[in-house]
Peer 1: 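Structure provided below as structure tokens; questions to follow.
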Amino acid sequence: MASARDPEYVERVLATAERVPPGRVTTYGAIAEAVGGGPRQVGSVMALHGGGVPWWRVIRADGSLPPSHGEQARRHYYDERTPTLPSGRVDMRSAYWDPAD
DNA sequence: TACTTGACATTTT
DNA sequence: AAAAATGCCAAGT
């Protein structure tokens, strides 16, 4: 299992999350494809070890804010001037950043 | 070993 | 447009 317990996997996930430029966002799925495993796995890793990374730049594929962090994330988005839609969702069209970049 | 659970994704109602 | 159903991958119990 390439996993939340393996520091290596965790490192890769966190490293990718840290590489996300300010004002941009990426998705769990994208990271999952970059580091391997499944989107949920990435989520679990973030949940356990995401304390030191900008998790607010990592959102769901549909642009919805992180399920359990709506308010926090919103504040950060405002600070980083992340393109958001009136509906409270991030503007994926322009703010999306690909980990493979 | 089998079932449940989860910072998700995609498709269909 | 919004909600439900289905699929995925690995951990936790």
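Excluded from the calculations below are hydrogen atoms, water molecules and symmetry mates; all remaining heavy atoms, backbone and side chain alike, are included. In what follows, chains are A, B, ... by sequence order, proteins preceding strands, each numbered from 1. Since this is a predicted model, take the numbers as computed values, not measurements.
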Peer 1: State whether the side chain of Arg89(A) and the backbone N or O of Ser87(A) hold a donor-acceptor pair below 3.5 Å, judged by distance alone.
Peer 2: yes
Peer 1: Find the distance Leu85(A):CG to dA1(C):P and express it as a whole number of Å.
Peer 2: 11 Å
Peer 1: Could you tell me whether a side-chain N or O of Arg24(A) sits under 3.5 Å from a main-chain N or O of Trp97(A), the two making a donor and an acceptor?
Peer 2: no
Peer 1: First locate atom CE of Met92(A), then atom CG of Leu85(A), and finally report the distance between them rounded to the nearest 0.5 Å.
Peer 2: 10.5 Å
Peer 1: Measure from the side-chain heavy atoms of Pro39(A) and tell me the nearest of dA10(C), dC8(B), dA7(B).
Peer 2: dC8(B)
Peer 1: Mind calculating the distance between CG (Asp62(A)) and P (dT11(B)) to the nearest angstrom?
Peer 2: 13 Å
Peer 1: What's the CE-C1' distance between Met46(A) and dG6(B), to the nearest Å?
Peer 2: 15 Å
Peer 1: Nearest whole angstrom, please: distance from the P of dA7(B) to the CD of Gln72(A).
Peer 2: 17 Å
Peer 1: In the strands shown, is dA1(C) matched to any nucleotide by a Watson-Crick or G-U wobble pair with both distances under 3.5 Å, and which?
Peer 2: none
Peer 1: Should we count CD of Glu33(A) as having more than 12 external heavy atoms under 6.0 Å?
Peer 2: no
Peer 1: Using the side-chain heavy atoms of Thr27(A), tell me which of these nucleotides is nearest: dA7(B), dG6(B), dA9(B).
Peer 2: dA9(B)
Peer 1: Can you tell which of dA7(B), dA2(C), dA9(B) lies closest to the side chain of Arg89(A)?
Peer 2: dA2(C)
Peer 1: If the plane angle is over 60° it's perpendicular, under 30° parallel, otherwise tilted; pick one for Trp56(A) and His76(A).
Peer 2: parallel
Peer 1: To the nearest Å, give me how far apart CH2 (Trp55(A)) and C1' (dC8(B)) are.
Peer 2: 17 Å
Peer 1: Using whole Å, report how far CE of Met92(A) lies from P of dA9(B).
Peer 2: 8 Å
Peer 1: Using whole Å, report how far CD of Gln41(A) lies from C1' of dT5(B).
Peer 2: 11 Å
Peer 1: Hey, which sits more toward the 5' end of DNA chain B by its nearest nucleotide, Glu33(A) or Tyr28(A)?
Peer 2: Tyr28(A)
Peer 1: Categorize Gly43(A) for me: base, sugar-phosphate, or nothing, with a 4.0 angstrom heavy-atom threshold over every strand shown.
Peer 2: base
Peer 1: Report yes or no: is there a donor-acceptor pair, N or O only, under 3.5 Å between the side chain of Arg60(A) and the base of dC8(B)?
Peer 2: no
Peer 1: So what does Ala61(A) hit on the nucleic acid, given a heavy-atom distance under 4.0 Å: a base, only sugar-phosphate, or nothing?
Peer 2: sugar-phosphate
